[in-house]
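For the numbers below, each heavy atom of this structure counts, side chains included, while hydrogens, waters and symmetry mates do not. To find a chain, count down the sequence lines: A is the first, B the second, and so on, and within it residues start at 1.
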Amino acid sequence: MNDTSKSVTPTNFIRQIIESEIAHGCHTDGIVTRFPPEPNGHLHIGHAKSMCLNFGLAEDFAGRCFLRFDDTNPDKESPEYVESIKTDVRWLGFNWEDRLTHASNYFPQLYDWAVELIENGKAFICSLSAEEIRASRGTLTEPGSESPFRIRPVAESLELFEKMRAGDFPDGSHVLRAKIDMAAPNIHMRDPTIYRIRHSTHHNTGNRWCIYPMYGFTHPLSDAIEGVTHSLCTLEFEDQRPFYDWVLDNVTISKRPRQIEFSRMSLDYSIMSKRLLTLLVDENRVSGWDDPRLPTLSGLRRRGYTPRAIRNFCTRIGVTKNEQQIEASVLENCVREDLDKNAPRAFAVMDPLKIVIENYPQGQVEQLEAHNHPNDPNMGSRQISFCREIYIDRQDFMEEAPKKFFRLAPGREVRLRYAYFITCTSVIHDSEGHISELRCSYDPESRGGQSPDGRKVKGTLHWVSVQHALDAEVRQYDRLFQDANPLADRSKDFLELINPDSKAVITSSKVEPGLINAGAGKSFQFERVGYFCVDPESTPSHLVFNRTVELRDSWGKKNRP
RNA sequence: UGGGGUGUAGCCAAGUGGUAAGGCACCGGAUUUUGAUUCCGGCAUUCCCAGGUUCGAAUCCUGGCACCCCAGCCA
């Protein structure tokens, strides 16, 4: 059996490395990967790429993937982030089963390994200040100079390390440093710091520790503890691989992980930096971490992006070492593809324009059948009420319309989807000259949307009944930034580049009554308008919809300036 | 006069010495009760540049060029 509908994950250089290793007889127990977020912020679509890679590889190669909280910095981390990360990982569709870990749970073992390094003369307690260490590190082109404490006797370092752990010293007074090479061309090998004193409460270990290991020391060893075979990280860690390997070489471990780096992803008109996302939230430039304009997973979820669409996006962009600057259309195309197939259709009028059908009997109401999906009969149908007064969208009418305008105009006939053909007979203006109402006639023979005489109409409009429609608030979201790469020009503050039209709230929309029962997060295609989902703030008495993405619009695109 | 990495179409990306996949975007055209979807067709004589090796090079060699990352007691 070959299921052609199931998309095959395209190959990439990491898969090829693994395949080749397996071909050489390695990994007979399966591969092990890990997704290692620091709980100091919310996950975004860049993390989704990493999760798809790590969990995806584990799945495809009969392996396991750990969700490991890389929590070695008590000042920046908190349990709220741990919870939101777990929620997002689950939502995206990944299952860590019993492999939820914390680097902080390895602190005792890490401490022992640090002692081993000291005992072997591979690490020493340095009592220089942070500024002094920085000053002696050298520069990119000049070697550093050795710390005077580099020759400190092992016994003394051991004793000091023990006292550091016991809390005898204030923050910043000593650090533990690896003893490697201050003249190394790679700055990360110039006696990097591996432990610092921090009298802070840790979200997981409380006050048990006042010394904390650094990432560069913790990560390879956490990988080794978990039996990780492939430690996949982003390109900026490539320089640190020699240190990653150094740690593994100089401490007694039984499993040997391998670090492989791949490139980060950037999305046009967006930013992915955790720090800058935090800034947007803190400065109230957006409504919160789950603002639908943000590339956070919680934001995308609220916007109506589905896990399937995001996972598909990740496989489409691939995994390489090239810098990826992805156009927004790639992501948009992924949701459209999913929602086109799976979102039921509904009628909603964004900007209502009232029509009175003069030859339709006063007080009459008809039930008409509408398909919930034009290409999928399994999604069934619904009854919609039609009567003498309806709303259409204001942009579906033009008083002086060009020939190519296939919608309503004076004297022109269009189809009301699933209802009747109508012809505009007159236009009513208010005292200021604005169009306030249309008068039309209908063809009773065209019930359901087809005329027995075979007459064709060019346009088909969506509509709702005035007396049955519900009021709704619609939040129309657009790209958060005006510039494709808001960080490209470093002389400009990216906050100044926020798109002022990134959120437009319409409070006067009208939707078909069946929508009152839709639960939060439920997606619909509002026919001819776009894909929308029910916002968590929505209630039956105050419906709120978020626009996920517009429908592709070849007419509108052509006619935009 | 440091180290590490990357250059294939507008944006991604396969390609691993045998004559440039695929997706997005774009441009046609067909079908359509959504100007949607779907469908069909077009879209790199050339792979950052210049030399070289070879019957044959995006792939190998040499030399350039461009861009990204690194000087936290952050991750």
Report task. Run the ring-centre check on A:His102 versus A:Phe69 and record whether the distance is less than 6.0 Å. Result -> yes

**Report entry** Side chain of A:Lys321 - closest among B:G5, B:C73, B:U34
**Finding:** B:G5

Requested in this report: Select base, sugar-phosphate, or nothing to describe what A:Glu527 touches, counting heavy atoms under 4.0 Å on all strands.
Outcome: base

Report task. Confirm from the modelled atom types if A:Asp239 and B:G3 form a donor-acceptor pair under 3.5 Å, side chain to base only. Result -> yes

Report summary line: Of the listed B:G35, B:G5, B:A75, the closest approach to the A:Glu238 side chain comes from B:G5

**Report entry** Parallel, tilted or perpendicular: ring planes of A:Phe524 versus A:Phe545, cut at 30 and 60 degrees
**Finding:** perpendicular

Report summary line: A:Asp553 has its side chain closest, among B:G72, B:G35, B:G5, to B:G35

Report summary line: Of the candidates B:G2, B:A13, B:C73, the side chain of A:Thr193 sits closest to B:C73

Report task. Output yes when a side-chain donor or acceptor of A:Asn54 lies under 3.5 Å from a complementary backbone atom of A:Ser50, and no otherwise. Result -> yes

Requested in this report: May I ask you to verify if any side-chain N or O of A:Asn375 is less than 4.0 angstrom from the OP1 or OP2 atom of B:U37?
Outcome: no

Query raised in the report: Are A:Phe217 and A:Trp113 close enough that their ring centres sit under 6.0 Å apart?
Result: no

Query raised in the report: Between A:Tyr418 and A:His371, does the ring centroid distance fall short of 6.0 Å?
Result: yes

Query raised in the report: With a 4.0 Å cut-off on heavy atoms, is A:Thr11 in touch with a base, just the backbone sugar-phosphate, or nothing at all?
Result: sugar-phosphate

Requested in this report: Check every atom of B:G5, B:C73, B:G35 against the side chain of A:Trp555 and return the nucleotide holding the closest atom.
Outcome: B:G35

Query raised in the report: Between the side-chain atoms of A:Arg336 and the base atoms of B:U37, is any donor-acceptor pair under 3.5 Å?
Result: no

Requested in this report: Over 60° means perpendicular and under 30° means parallel, so classify the ring planes of A:Phe494 and A:Phe481, tilted if in between.
Outcome: tilted

Report task. Looking at every strand, decide which applies to A:Asn333 at a 4.0 Å heavy-atom threshold: base, sugar-phosphate, or nothing. Result -> sugar-phosphate

Query raised in the report: When all nucleic acid strands are considered with a 4.0 Å heavy-atom cut-off, which category describes A:Lys458: base, sugar-phosphate, or nothing?
Result: nothing

**Report entry** First of A:Gly172 and A:Arg552 reached from the 5' end of RNA chain B, by closest nucleotide
**Finding:** A:Arg552

**Report entry** Sugar-phosphate only, base, or nothing, as touched by A:Leu416 at under 4.0 Å among non-hydrogen atoms
**Finding:** nothing

Query raised in the report: Looking for any heavy atom pair under 4.0 Å, which part of the strands does A:Ile317 touch: base, sugar-phosphate only, or nothing?
Result: sugar-phosphate

Report task. Give me the residues of residues 194-203 of chain A where at least one heavy atom lies under 4.0 Å from an atom of RNA chain B, by number, or none. Result -> A:Arg196, A:Arg198

**Report entry** Nucleotide nearest A:Ile187 (side chain, heavy atoms from C-beta), chosen from B:C70, B:A25, B:A75
**Finding:** B:C70

Report summary line: Of the candidates B:G72, B:U34, B:C24, the side chain of A:Ser329 sits closest to B:C24

Query raised in the report: Quick check, are the ring centers of A:Phe262 and A:Phe13 under 6.0 angstrom apart?
Result: no

Query - C1'-based separation of B:G29 from B:G35 [nearest Å] - result: 15 Å

Requested in this report: State whether the distance check finds a donor on one side and an acceptor on the other, under 3.5 Å, for side chain A:Arg407 versus base B:G35.
Outcome: yes

**Report entry** B:G23 to B:A44 separation - P atoms, rounded to the nearest Å
**Finding:** 15 Å

Query raised in the report: Is the shortest side-chain N/O distance from A:Thr218 to OP1 or OP2 of B:A75 below 4.0 Å?
Result: no

Report task. Starting at atom CZ of A:Phe313, determine the distance to atom C1' of B:A13, rounded to an integer number of angstrom. Result -> 13 Å

Query raised in the report: What's the closest nucleotide to the A:Glu236 side chain, out of B:C69, B:U6, B:G72?
Result: B:C69

Query raised in the report: If the C1' atom of B:U19 is compared with that of B:C55, how far apart are they to the nearest Å?
Result: 13 Å

Requested in this report: Send over the distance from A:Trp463 CH2 to B:U34 P, rounded to a whole Å.
Outcome: 15 Å

Query raised in the report: With sugar-phosphate meaning primed atoms plus P, OP1 and OP2, does A:Gln240 contact a base, only sugar-phosphate, or nothing at under 4.0 Å between heavy atoms?
Result: base

Report task. Just say parallel, tilted or perpendicular for the rings of A:Phe526 and A:Phe532, cut-offs at 30° and 60°. Result -> parallel

Query raised in the report: Does the gap between the ring centers of A:Tyr212 and A:Phe107 come in under 6.0 Å?
Result: yes

Report task. Check every strand shown and say whether A:Thr139 touches a base, only sugar-phosphate, or nothing at a heavy-atom separation below 4.0 Å. Result -> base

Query - Residue closer to the 5' end of RNA chain B, A:Phe406 versus A:Asn186 (nearest nucleotide) - result: A:Asn186

Requested in this report: Have a look at A:Pro374 and say if it touches a base, only the backbone sugar-phosphate, or nothing, with a 4.0 Å heavy-atom cut-off.
Outcome: base

**Report entry** From B:G35, B:U34, B:A75, nucleotide with atom closest to A:Asp70 side chain
**Finding:** B:A75

Query raised in the report: Rounded to the Å, how far apart are A:Met265 CE and B:C24 C1'?
Result: 15 Å

Requested in this report: Please confirm whether any donor atom in the side chain of A:Glu327 sits under 3.5 Å from an acceptor in the base of B:G10, or the reverse.
Outcome: yes

Report task. Please tell me which of the listed nucleotides, B:U34, B:C26, B:C70, lies nearest to the side chain of A:Arg528? Result -> B:U34

Query raised in the report: Between A:Tyr111 and A:Trp209, how do the two ring planes meet: parallel, tilted or perpendicular, split at 30° and 60°?
Result: tilted

Report task. Output yes when at least one side-chain N/O atom of A:Gln324 is less than 4.0 Å from OP1 or OP2 of B:A13, else no. Result -> yes

